[in-house]
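This is a predicted model, so every value here is computed, not measured. Along the sequence shown, residues are numbered consecutively beginning with 1.
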Amino acid sequence: MVSANREMAVYCFDTLVSHYNNEESPLPAFEEGNHPLFVTWKKIVNGGEPRLRGCIGTLEARRLISGFKDYALTSALRDRRFPPIQAKELPFLQCTVSVLTDYESAEDYLDWEVGKHGIIIEFTEPVTNTKRSATYLPEVPAHEGWTKIEAIDSLVRKAGYNGEITESVRRRIHLTRYQSTLFSMHYSEYLSYVKATRGVAPGINGTNKPVIALS
């Protein structure tokens, strides 16, 4: 089984840096495979709590190399919840790559474990018959400190349902659970790794100088 690893996070940073430089990214140093995957960017300023800057992926299996290249940029630049990440933000970024595995159809909406399973919900609204779906990666409910029902209700809202969330609505849910491996890397770790392995830190706009935080 393929697990999320450092080289995948490096490749996502490489892809974003190369985008700003309008050049091709270096070849990745991890093996190809086919898996669902996500790329999450967070911003850390002055040692504070990391703040989400973009998170997009696919629940369908993708070739890992093209998948991480596509979603590194999509999550950084085209997550509609946030403005595109700018080059000057690089020093504050943390990248987390997730590789999803072990999809299972749950018996009901409570048939999963907080911190272990990611969840996909699918349901039809009771009045309009509109089909809704949404997912949370395994780390989200655990990070928020949610119970199972709190996580489910939050996910129902994320799916776009604005009506009252009753037990009847919850029982309409078809839940698929999955697991994931993840790896997180801060930009400073990326710089150190690239300098150690390639002999020079990546630069922006042809300056050959790494983007360094001024504060």
Side-chain angles (χ1 to χ4, degrees), residues 1-58 60-79 81-101 137-139 143 179-215:
M1 182 185 74
V2 176
S3 297
N5 56 53
R6 175 173 55 187
E7 285 72 24
M8 294 172 181
V10 167
Y11 186 54
C12 289
F13 269 118
D14 278 342
T15 299
L16 189 56
V17 170
S18 296
H19 166 76
Y20 295 132
N21 286 333
N22 195 28
E23 61 188 19
E24 288 295 317
S25 56
L27 294 175
F30 57 88
E31 295 183 2
E32 186 64 282
N34 290 277
H35 280 280
L37 59 94
F38 273 75
V39 178
T40 302
W41 297 101
K42 291 186 177 182
K43 186 175 180 179
I44 304 172
V45 180
N46 296 327
E49 181 75 12
R51 295 184 179 181
L52 186 65
R53 277 298 272 114
C55 179
I56 296 179
T58 174
E60 303 293 331
R62 280 284 307 268
R63 292 179 65 84
L64 290 175
I65 292 175
S66 61
F68 277 121
K69 184 174 185 177
D70 289 347
Y71 287 107
L73 293 178
T74 302
S75 59
L77 307 174
R78 292 184 285 278
D79 188 327
R81 297 170 293 178
F82 307 99
I85 294 175
Q86 301 180 43
K88 65 183 181 181
E89 296 180 77
L90 278 170
F92 309 103
L93 291 184
Q94 173 186 289
C95 179
T96 299
V97 292
S98 301
V99 176
L100 313 187
T101 61
L137 295 172
E139 59 269 25
H143 179 266
Q179 298 182 50
S180 73
T181 59
L182 55 84
F183 189 93
S184 296
M185 170 179 277
H186 191 272
Y187 180 73
S188 60
E189 298 172 305
Y190 162 71
L191 288 182
S192 297
Y193 178 80
V194 171
K195 188 172 183 179
T197 55
R198 303 176 194 166
V200 60
I204 295 294
N205 296 329
T207 65
N208 291 322
K209 295 180 181 180
V211 178
I212 304 295
L214 299 178
S215 61

State, with a plain yes or no, whether a side-chain heavy atom of Phe38 is found less than 4.5 Å away from one of Cys55. yes

Between Thr40 and Thr96, is any side-chain donor less than 3.5 angstrom from a side-chain acceptor? no

If you take all heavy atoms of Val97 and Ala4, which pair is closest and at what distance? O-CB, 3.6 Å

Between Phe68 and Val99, which heavy-atom pair has the shortest distance, and what is it? CZ-CG2, 4.1 Å

Could you give the distance from CD (Glu31) to CG (Leu64), rounded to the nearest 0.5 Å? 10.0 Å

To the nearest 0.5 Å, what is the distance between OG (Ser188) and CG (Leu90)? 12.0 Å

Tell me whether the centres of the aromatic rings in Trp41 and Phe92 are closer together than 6.0 Å. no

Indicate yes or no: does Lys42 engage Glu49 in a salt bridge with an N to O separation below 4.0 Å. no

Say whether, by atom type as modelled, one donor and one acceptor occur between the side chain of Ser18 and the main chain of Thr15 under 3.5 angstrom. no

Check whether any side-chain heavy atom of Met8 lies under 4.5 Å from a side-chain heavy atom of Val2, and answer yes or no. yes

Between atom CD of Glu7 and atom OH of Tyr193, what is the distance when rounded to the nearest 0.5 Å? 4.0 Å

CA sep, side-chain torsions, deciding dist, call: Thr101, His35, side-chain contact (heavy atoms from CB on, under 4.5 Å): CA-CA 7 Å; Thr101 61; His35 280 280; 4.1 Å; yes

Note, Glu139 side chain near Leu182 side chain (heavy atom, < 4.5 Å): yes

Please check if the distance between the ring centroids of Tyr11 and Phe30 is under 6.0 Å. yes

Tell me whether Asp79 contacts the main-chain N or O of Arg81 through its side chain, where contact means a donor paired with an acceptor under 3.5 Å. yes

Under 4.0 Å between a Lys/Arg side-chain N and an Asp/Glu carboxylate O for Asp70 and Arg62? yes

Donor on one side chain, acceptor on other, Tyr190 and Gln94, under 3.5 Å: no

Within 6.0 Å of CZ in Arg78, more than 12 heavy atoms from elsewhere: yes

Is the backbone of Leu37 close enough, under 3.5 Å, to the side chain of Thr58 for a donor and an acceptor to pair up by distance? no

Nearest heavy-atom contact between Ser184 and Glu189 is O-OE1, 4.4 Å

With no hydrogens and no angle check, is any side-chain donor or acceptor of Asn5 less than 3.5 Å from a backbone partner on Phe183? no

Can we say Arg53 and Glu89 salt-bridge, meaning some charged N sits less than 4.0 Å from an Asp/Glu carboxylate O? yes

